[in-house]
Asks: 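I have a structure here, written as structure tokens, and I will follow up with some questions on it.
The structure displayed is predicted, hence computed values, not measured ones. Letters A, B, ... are given to chains in the order of the sequence lines, protein chains preceding strands, and every chain is numbered from 1.
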There are 2 protein chains.
Amino acid sequence: MATIKDVAERAGVAPSTVSYVLSGSRKISEDTRRAVQTAIDELGYHPRASARTLRSSRTNVLALAVPRVPGEYRAIDGRFAIDVTDAARGHGYDVLLITEGDGAGALRRVARSGLADAAVLMAVEERDPRIEVLHGLGFPAALLGHDDHAALPWTDLDWEAAVALAVREAAAAGHRRIVFLSSAEHEIAARRGYAVRGLDGARRATAETGADVRVLSSHRDPVRLGRRLREALAVRPAPTALVVQDLILLPHLLDAVSSAGLRVPEDLSVVLVGSLPDELGIRHLPRIDLPVAEMSTAVARLAIDAISAGCDGRPASSQKPTTAAPASTVPSGAPHHLIQPRMAGPAIAPPPSG
Amino acid sequence: MATIKDVAERAGVAPSTVSYVLSGSRKISEDTRRAVQTAIDELGYHPRASARTLRSSRTNVLALAVPRVPGEYRAIDGRFAIDVTDAARGHGYDVLLITEGDGAGALRRVARSGLADAAVLMAVEERDPRIEVLHGLGFPAALLGHDDHAALPWTDLDWEAAVALAVREAAAAGHRRIVFLSSAEHEIAARRGYAVRGLDGARRATAETGADVRVLSSHRDPVRLGRRLREALAVRPAPTALVVQDLILLPHLLDAVSSAGLRVPEDLSVVLVGSLPDELGIRHLPRIDLPVAEMSTAVARLAIDAISAGCDGRPASSQKPTTAAPASTVPSGAPHHLIQPRMAGPAIAPPPSG
DNA sequence: CTGTTAGCGCTTTCAG
DNA sequence: CTGAAAGCGCTAACAG
């Protein structure tokens, strides 16, 4: 493998000159430039990342910490892994994937060995041990999802606005009896931010529209979810729309609906909140997609900004906090990017006339 | 940040001694050992990855190359990203995620800058440009999935055996008229390995069981798929089992089945081939899961073995090619790990008695 | 059993 | 406009 020295020799210049040609951080005569470039091409030279990092202590790598529950897998995690990687490349960064099966061990290791310049944390919980670790190390980071306690930069879908929008649109399509299937029971009990905010949104939309909105919490056990759902749909007069925030069991859920003898959307309109974009299997349903691409772009930018900001939570860079459209209450002082929901897919069908 | 020199000073030894304590590659007196360890703990010292890499030219990083089609996303890609990362950690490796939107550019860059020791390539196509690149660079690699042309180590589910097993089990449950929904048309046209092998498996099982197996190719367009499926199910006497290899549109497919007035499994048994393990929404269906964890473990091991093997495709390490259970024809000479299918989920229901 | 030292490949002062 | 040289933090000869 050719080194900068080899290139220098072949071009008849000093190694430093080659370096300056590469970085562009010094004026170089056109002749020299060309000579160096030729030598680089001929030798197939490519700078060694480790040497650069050792010298500059910058890696151009982001660590992406994915929470891991053994035996469970959330499709959204993999999706963000891919999309954040795409987004990071747009800023000249690579992504090192960290799966955290047991606390923050791997993240600490990566931070301390200098394998990355900053971290992106997925699916933040209150009192996340990983946040403590990062704070203790003064390691820059940004969060995908947020709880109001975190003093780190974050991005998120406005879940309250999303559920409110879905319910409002259902009401606008003529539905007066709506079931809202919120997050799984254990997530609500854990007071996960998106779960709580979804419930708030349902409440708000209920007040606004005057529709009869029944709130139902989901359950990770398909059998219990199925039972709850059947009960809720058996109420008379029958609900005509179902707004769903917990999508993990979606196929099973649609199955339960159809085995209750209900056709979608003729008998029951199903509206999804937080679905993955570009999923082919759900194109036929009206929905609010989780803005994965936009969140990924935002979180990559926030993490990178945090590097130059010197590890604290303050802005320091060009970007100011962005909250598109009607701002909801945002108590956090850290930079953030709260995304307003948008309906996708077909329009919500009207309720059955009978 | 503390360096090895700081530790040496504090412990009253030479830097090299600290290094030897860390690597264990030299006999160290217990006293010295303890003194060094104390200094390390007190200073919170952690070795710098870039310095190690510069010295040893080993990164302990695997590059995972994910193919990327803009506007499309395959859930399986994200899933493998996570699982390969888990597996690599088991061997002391981290994973750098590479998304390849446009050819092999990113992979080449990562390989040449020495950011990784080996690559894992997902979803290999015939004549994959990434393979050429790796070959040209002499960069070690292993493949997830295989086509018979690749001279690189690989792992895969035995798709032929998988589809054959699904059909055979359906027949054993009493089904005599079976529809096999194979991969999407364009994948078959591109002669993707798993697509072709799935068809072979269906053919084999048809011959073995004597059942009436109708083969149907899937389509990426939900509408066209729906039409084909309805036609196939409308044939009389009606088919009683549906074996599905193309799962991207599964929710939509189940929807089409139920809107055809068919209950699963009372009227129609649905059997999945290549489903993602631990997916909560499909627990109620008999299936053959894609062995993601086993494939990930295998591919990580194969990639790491290829590092010491010196970049060619030959074994050189402990592991010999493993083919569990009845070996099918495997023309490749490279190390590989072909995985035999196993049924999961509930038993296949018998056909309706009427 | 331990210390000394050269050097991995690059960037960046400092000196022309 | 360009060169010379120091040194980032670590490892592995070589020398005791």
Asks: What does nucleotides 9-16 of chain C look like as a protein-contact string, B for base, S for sugar-phosphate only, - for none, at under 4.0 angstrom between heavy atoms?
Replies: BBBBBB--
Asks: Between Asp77(B) and Arg68(B), does any NZ, NE, NH1 or NH2 come within less than 4.0 Å of an OD or OE carboxylate oxygen?
Replies: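 Salt bridge flag = no for Asp77(B) with Arg68(B).
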Asks: Whole angstroms only, please: what is the CZ-P distance between Arg34(A) and dC1(D)?
Replies: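 Checked: the CZ to P distance equals 14 Å.
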Asks: For Val13(A), which contact category applies under a 4.0 Å heavy-atom criterion: base, sugar-phosphate, or nothing?
Replies: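 Val13(A): backbone/sugar contact only, no base atoms under 4.0 Å.
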Asks: Kindly say if Thr32(A) contacts the phosphate of dT2(D), meaning a side-chain N or O under 4.0 Å from OP1 or OP2.
Replies: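 True: Thr32(A) side-chain N/O within range (under 4.0 Å) of dT2(D) OP1/OP2.
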Asks: Using whole Å, report how far NZ of Lys27(B) lies from C1' of dG3(C).
Replies: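 It is 19 Å, rounded to the nearest whole Å.
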Asks: Using whole Å, report how far CG of Asp6(A) lies from C1' of dC8(C).
Replies: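 Nearest whole value for this atom pair: 13 Å.
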Asks: For Tyr45(B) and Ala2(B), which heavy atoms make the closest approach, and how far apart are they?
Replies: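 Taking Tyr45(B) first and Ala2(B) second, the nearest heavy atoms are CD1-O, 3.4 Å.
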Asks: Would Asp31(B) and Arg34(B) pass as an ion pair if we require N to O under 4.0 Å?
Replies: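 Yes, charged N to carboxylate O under 4.0 Å.
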Asks: Expressed in angstrom and rounded to an integer, what is the separation of Glu9(B) atom CD from dC10(D) atom P?
Replies: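 The distance from CD of Glu9(B) to P of dC10(D) comes to 13 Å, rounded to the nearest Å.
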Asks: Given the rule in the side-chain hydrogen bond (donor to acceptor under 3.5 Å, both in side chains) test, do Ser29(A) and Thr32(A) qualify, once you have shown the distances and angles that lead to the verdict?
Replies: CA-CA 5 Å; Ser29(A) 77; Thr32(A) 311; 2.7 Å; yes
Asks: Considering all heavy atoms of both residues, which atom of Met122(A) and which atom of Leu64(A) are nearest to each other, and what is their separation?
Replies: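 Looking at all heavy atoms of both residues, the closest pair is CG-CD1, 4.0 Å.
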Asks: Scan Gly12(A) against the nucleic acid and name what it touches under 4.0 Å (heavy atoms): base, sugar-phosphate only, or nothing.
Replies: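 Sugar-phosphate contact only - Gly12(A) comes under 4.0 Å of backbone atoms but never of a base.
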Asks: More than 12 foreign heavy atoms under 6.0 Å from NE2 of His135(A): is that the case here?
Replies: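 At most 12 heavy atoms, drawn from other residues, nucleotides or ligands, come within 6.0 Å of this atom.
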Asks: Could you tell me whether Asp83(B) and Arg79(B) have a side-chain N and a carboxylate O separated by less than 4.0 Å?
Replies: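 The answer is yes: the pair qualifies as a salt bridge.
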Asks: Taking the axis from the first five pairs and the axis from the last five, what angle separates them in the helix from dC1(C)-dG16(D) to dG16(C)-dC1(D), rounded to 10 degrees?
Replies: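 Angle reported: 40°, given to the nearest ten degrees.
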